[in-house]
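A short write-up of the structure that comes next.
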Amino acid sequence: MGQRGVDVPEETEQLGYFGCFGDWRTKRRRLQNLELSMSGMSDLSLGQMPMETWMTHLPCELWDTPLSQLAIPGSHNAITYCLDMNNRSPVDLTQPDMLQKLDKYMKPLIRPFVYKWAVTQECTIKQQLDCGVRYCDLRIAHRPNDSSSDLYFYHGVYTTLTVETVLKEIREWLDAHPREVVILSFSHFLCLSHELHMLLLTTIRNAFTSKICPKTEVLTLRNLWTFGYQVIVSYDHNIASYHSDLWPHIPYWWANKCKAEALIEEFEHRKQHGRPGGLFVMGINLTEDLKYICTHPTESLKDLVMSTYPTLLSWVKEQIPGSNVGSMNIIAGDFITESQFVPTVVTLNEKLLKWSL
């Protein structure tokens, strides 16, 4: 056990991280040994590091950089790989009335159409984490006319997997990767009563226990590793202000464009006015409108996204992390395992290393 009664990962204990306890000379010597062991990988670019453990392998020069100044890859609508294609679930209540009626009476025809524009990720949450995703956009709902208290994710339709199941999978992954940190953004709550919010908080706490980082902590890798924190929970609801383990809403820049050039133009305009002070997300996820869907009846969201990734990733390569006016932090996208999205974002942290020399 480490300071504050939290479970410290075995790797962290081996480094001698015990807060104010233990001999500081031993701690410093062990940390220096770790830094020397990391230097053997210095000839590799960050994009060539194993994405499954890219935080673990970040150079020690970045261990004290706030997470809000690092370049972090994220997953937009992370849990859409398990949307319900069957009759058990209606389309979600945010959809237009006409679509809800068509789905009710013409489900075999409508559901495949909804599905191909609602899926934003095809890989499971563990596969996304293995690929290097460290920010997850999680949208939570209680299904209408469901007598149980089960909570699901949604985007167009509801998922087959419950929130509890997915959070347990994330916990298992974190146990196997003790120096990786994830940012979980809970938002877009649909049909959640106060009681269901409290149930969700209990589910989150039961899943991650002492891995949850209190919002009083300094968000650097060194500090998080010291106390064994691996999960930052952002909760986009006013109850977050009453709970010490819930971080506030993380701003998400959404361009609401269906063309890459228009999205880039929108973000370049916003950058001129400065980035938010803490964690924030640039969502390079494109948004199809009714006109686009009607003029591309045989296509899907994936077709749209993959055709624009070369342009979008060329723009991403030009971005700079940090605290300056035009800098970026988290970049989230769709179908993030299908391209060089994650290595491209992680490699941006090399620009911070150049400034530190």
Does [X] pair with [Y] as a salt bridge, N-O distance under 4.0 Å?
| X | Y | value |
| --- | --- | --- |
| K302 | E122 | yes |
| K168 | E172 | no |
| E265 | K257 | no |
| R171 | D175 | yes |

Report the relative orientation of the aromatic rings in [X] and [Y]; use parallel for angles under 30°, tilted for 30 to 60°, perpendicular for over 60°.
| X | Y | answer |
| --- | --- | --- |
| H76 | Y252 | tilted |
| W253 | F267 | tilted |
| Y309 | F341 | tilted |

**Asked** Is it the case that more than 12 heavy atoms not belonging to K317 sit under 6.0 Å from its NZ atom?
**Response**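 Counting neighbours around NZ of K317, 12 or fewer heavy atoms of other residues, nucleotides or ligands fall under 6.0 Å, so no.
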
**Fill in**
ring pair (Phe, Tyr, Trp, His ring centres under 6.0 Å) with Y235: of H249, H188, H243, H197, only one passes, and it is H197

**Prompt:** So do the side chains of I79 and V163 get within less than 4.5 Å of each other, counting heavy atoms only?
**Reply:**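 A side-chain contact under 4.5 Å is absent here.
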
**Message:** Side chains of W254 and T287: any donor to acceptor distance under 3.5 Å?
**Reply:** yes

Heavy-atom donor-acceptor pair, [X] side chain to [Y] backbone, under 3.5 Å:
| X | Y | result |
| --- | --- | --- |
| S307 | D303 | yes |
| N349 | A71 | yes |
| T53 | T56 | no |
| S327 | N324 | yes |
| D236 | P248 | no |
| N329 | F280 | yes |
| K215 | A240 | yes |
| D245 | P214 | no |

**Message:** S75 vs Q121, test: side chain to side chain donor-acceptor pair (under 3.5 Å). Steps then yes/no.
**Reply:** CA-CA 8 Å; S75 176; Q121 311 294 340; 3.3 Å; yes

**Item:** Criterion side chain to side chain contact (heavy atoms under 4.5 Å, CB included) on E180 and R134, from CA distance to verdict
**Value:** CA-CA 8 Å; E180 298 299 303; R134 295 297 177 265; 2.9 Å; yes

**Prompt:** Out of T209, I204, T202, T203, which residue meets the side-chain contact (heavy atoms from CB on, under 4.5 Å) rule with N206?
**Reply:** T202

**Request:** Check whether NZ of the Lys or CZ of the Arg R143 lies under 6.0 Å from the centre of the six-membered ring of Y152 and within 45 degrees of that ring's axis.
**Result:** yes

**Request:** Could you check E268, H273, H269 and say which one makes a side chain to side chain donor-acceptor pair (under 3.5 Å) with K271?
**Result:**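 For K271, the side chain to side chain donor-acceptor pair (under 3.5 Å) check succeeds only for E268.
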
